[in-house]
Amino acid sequence: MHWLFGDQLGPHFLTPGEEGPGPETLLLMIEARSVFRRRRFHRAKAHLVLSAMRHRAAEPGDRVTYVRADTYRQGLARTARGRPVGVHHPTSHAALRLVRALPQVTVGPARGFLVPMTGFAAWAEGHGGKRLRQEDFYRWVRRGHGLLMDGEQPAAGRWNLDHDNREPPPREAASLQVGRPYRPREDDIDEEVRHDLDRWERDGDVSFVGRDGPRLFPATRTEGLRALRRFVEHRLATFGPHEDAMLAADPVMSHSLLSSTLNLGPLDPVECVERAERAWREGRAPLNSVEGFVRQIAGWREYVWQLYWYFGEGYRRSNALGHTAPLPDWWNRLDADAVRANCLRTVLAQVRDTGWTHHIPRLMVLGSHALQRGWDPAAVTNWFHRCFVDGYDWVMLPNVVGMSQYADGGRMTTKPYTSAGAYVNRMSDLCGPCGYRPGDRTCEHACPYTAGYWAFLDRHRELLAGNQRVARPVRQSDRLADLPDVCAEDHARGDAPP
């Protein structure tokens, strides 16, 4: 038998080779209720995962044995009954410990990524295991896979077109004028999943946060391909320039919304980047948009996956800034209505209602607030894991510990990603209707991000003063006559909703 985890749902997990299953191999899928007891997941995420698994099990007919059990061990014992079982390398440390502890299970290489773990380890050791910067890795992947290359050189002579992709949103525009993203249609399987989730909650067996409206993200291979095609044909061309911008009434903008489909497995990253590159070479999308999209998948997604395994389990205990504050109840409940700051209220409501926001609200609104408040990075990581439809341990551990919360002290990124309110004001329309003013540090209209930023720099000045990328604002803080008042007011605010 070959065991497919719930994030190994695409055809590339069944192709022969690398200890993959043969065409006649029986397939096993286990829906373990215990997974939903360990964390209080977003309801829309639970719905998406179960819908994707049950849809996948319904596709190949009698070849798949789909087991509903309390735990993975129980499901495996009930079905395999001691027979040998193969499985592709799982996507979390916990799952890998589980399958390695089962004597009947043989673990093969990971699939669903561009670079084998051994290849990354060799690249990392070639850099002394220290300076493992994403830009260097991204260029290495581009060369190795021939992505956006003209011979030995990058297309148009440039590796990085980020400079062209940092425009603020268009003035006086409530939304980008682009084609709508693909939206799936629910079916009987979705109805069954929703019924089961309702029953589990009524029985007190599990508990969720967030809202579960109509399913917004693909659950099947067919839906994933439709979403990819719609993005490439109608949205990719406008993706690049405003990929870092935010609009209150348009949280999706030109983003692909493919992250959850890639992470569940119906889509292969190779086909996504190759289709995007083809669109550029055929003149259907500009290079800056295509390079930005390729960077997200072949660069950042791949980089995060590799660092998760390379850094090892101890990485989750990183806490270079010594942040230990617990997450407040209003944050855990996704209680956007309790928040006054318009940017945070808007983004938290997006998470509550859909389980998704794009990368800038995650980093510069949600993550920045958590960093400024000094919340425990492990708790912040867990929150992102359970509250986002595309959140998995391998995704969120490096993204949150390494980038968002700077808890590794710079092993992954070169600076803490936080800012005063001026950044949000420049890159969004969220500050205009807000009761706070991004330029105010103290008193009634003080922006909590602006005050929080300067207080954060002051708390950690000894550590940050030697960092070239933030040394200048640390020196600037010394010239703020009102810095003692800023810090006092920020401390008094505590973890109350801003």
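In this chain, residues are counted from 1 in sequence order. Bear in mind the structure is a predicted one, so any value in this text is a computation, not a measurement.
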I would like to know whether Trp394 and His93 meet ring-ring contact (aromatic ring centres under 6.0 Å, His included); could you show each step before the answer? CA-CA 8 Å; Trp394 72 266; His93 293 294; over 10 Å; no
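- The pair Asp150-Arg281 counts as a salt bridge, with a side-chain nitrogen and a carboxylate oxygen less than 4.0 angstrom apart.
- A donor atom on one side chain and an acceptor atom on the other are found under 3.5 Å apart for Thr418 and Gln372.
- Sequence neighbours left out, the pairs with a member in residues 434-455 that pass side chain to side chain donor-acceptor pair (under 3.5 Å) are Arg441-Asp482.
- A salt bridge links Glu223 to Arg215: at least one charged side-chain nitrogen sits closer than 4.0 Å to a carboxylate oxygen.
- In this structure, Arg493 pairs ionically with Asp490, as a charged nitrogen and a carboxylate oxygen lie closer than 4.0 Å.
- No side-chain donor-acceptor contact under 3.5 Å links Glu302 to the backbone of Ile297.
- Here the closest heavy-atom approach between residue Glu277 and residue Leu148 is recorded as OE2-N, 3.2 Å.
- Inspection of the Asn399 and Trp300 side chains reveals an N or O donor paired with an N or O acceptor under 3.5 Å.
- Between Arg194 and Asp190 there is no salt bridge, since no side-chain N of the basic residue sits under 4.0 Å from a carboxylate O of the acidic one.
- Within the 4.5 Å cutoff, side-chain heavy atoms of Trp383 are placed close to those of Asn332.
- Note: Trp331 and Trp375 have perpendicular aromatic rings, judged against thresholds of 30 and 60 degrees for the angle between ring planes.
- The existence of a salt bridge linking Arg316 and Asp408 is excluded, since no basic side-chain nitrogen approaches an acidic carboxylate oxygen closer than 4.0 Å.
- Closest heavy-atom contact between Leu464 and Val470: O-CG2, 3.6 Å.
- Both tests hold for Arg411 against Phe311: distance to the six-membered ring centre under 6.0 Å, angle to the ring axis within 45°.
- Tyr308 and Asp393 form a side-chain donor-acceptor contact under 3.5 Å, judged by distance and modelled atom types alone.
- At a threshold of 4.5 Å between non-hydrogen side-chain atoms, the residues Tyr406 and Asn467 count as touching.
- The aromatic rings of Phe36 and Phe208 sit perpendicular, their planes meeting at an angle over 60°, well past the 30° parallel limit.
- Ring planes of Phe456 and His323: perpendicular class, angle over 60° (limits at 30 and 60°).
- Here the options are Val401, Leu327, Leu371, Leu366, the test is side-chain contact (heavy atoms from CB on, under 4.5 Å), and the partner is Val380; only Leu327 passes.
- For Glu271 and Arg275, the salt-bridge test fails: no basic side-chain N is under 4.0 Å from an acidic carboxylate O.
- A side-chain contact (heavy atoms from CB on, under 4.5 Å) with Val49 is found for one member of Leu9, Asp7, Leu264 and no other, namely Leu264.
- In terms of heavy-atom proximity, Ser419 sits nearest to Met364 at OG-CE, 3.5 Å.
- Side chains of His385 and Thr381: no donor on one and acceptor on the other come within 3.5 Å.
- Nearest approach of Arg211 to Ala44, heavy atoms of both residues: O-CB, 3.7 Å.
- With respect to the salt-bridge test (charged N to carboxylate O, under 4.0 angstrom), the residues Glu135 and Arg295 qualify.
- Glu291 places no side-chain N or O within 3.5 Å of a backbone atom of Asn160 that could act as its donor or acceptor partner.
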Evaluation steps, side-chain contact (heavy atoms from CB on, under 4.5 Å), between Phe293 and Val232: CA-CA 10 Å; Phe293 178 67; Val232 171; 5.7 Å; no
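- In this structure Thr414 satisfies the side chain to side chain donor-acceptor pair (under 3.5 Å) test together with Arg469, sequence neighbours excluded.
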Hey, can you pull the donor-acceptor pairs under 3.5 Å for the side chains in residues 283-290, sequence neighbours left out?
| from | atom 1 | to | atom 2 | distance (Å) |
| --- | --- | --- | --- | --- |
| Arg284 | NE | Glu282 | OE1 | 2.9 |
| Arg284 | NH2 | Glu282 | OE1 | 2.8 |
| Asn288 | ND2 | Asn165 | OD1 | 2.9 |
| Ser289 | OG | Leu236 | O | 3.3 |
| Ser289 | OG | Ala237 | O | 3.1 |
| Ser289 | OG | Gly240 | N | 2.8 |

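- Figure legend: cation-pi geometry between Lys45 and Phe384 absent, as NZ or CZ is not positioned both under 6.0 Å from the six-membered ring centre and within 45° of its axis.
- Ring geometry for Tyr303 versus Phe137: interplanar angle of 30 to 60°, hence tilted.
- Across all non-hydrogen atoms, the minimal contact from His47 to Val193 is CD2-CG1, 3.3 Å.
- With respect to the salt-bridge test (charged N to carboxylate O, under 4.0 angstrom), the residues Arg362 and Asp390 qualify.
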Trp123 and Phe120: CA distance, side-chain angles, deciding distance, ring-ring contact (aromatic ring centres under 6.0 Å, His included) verdict: CA-CA 5 Å; Trp123 174 84; Phe120 178 83; 5.5 Å; yes
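- Remark: of the listed residues Leu430, Asp335, Val365, Val339, Val339 is the sole one forming a side-chain contact (heavy atoms from CB on, under 4.5 Å) with Arg345.
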I would like to know whether His255 and Phe239 meet ring-ring contact (aromatic ring centres under 6.0 Å, His included); could you show each step before the answer? CA-CA 6 Å; His255 290 269; Phe239 167 68; 5.4 Å; yes
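- With respect to Asp458 and Arg461, a salt bridge is recorded, a charged nitrogen being found less than 4.0 Å from a carboxylate O.
- Between Thr238 and Leu176, the closest side-chain pair of non-hydrogen atoms is not below 4.5 Å.
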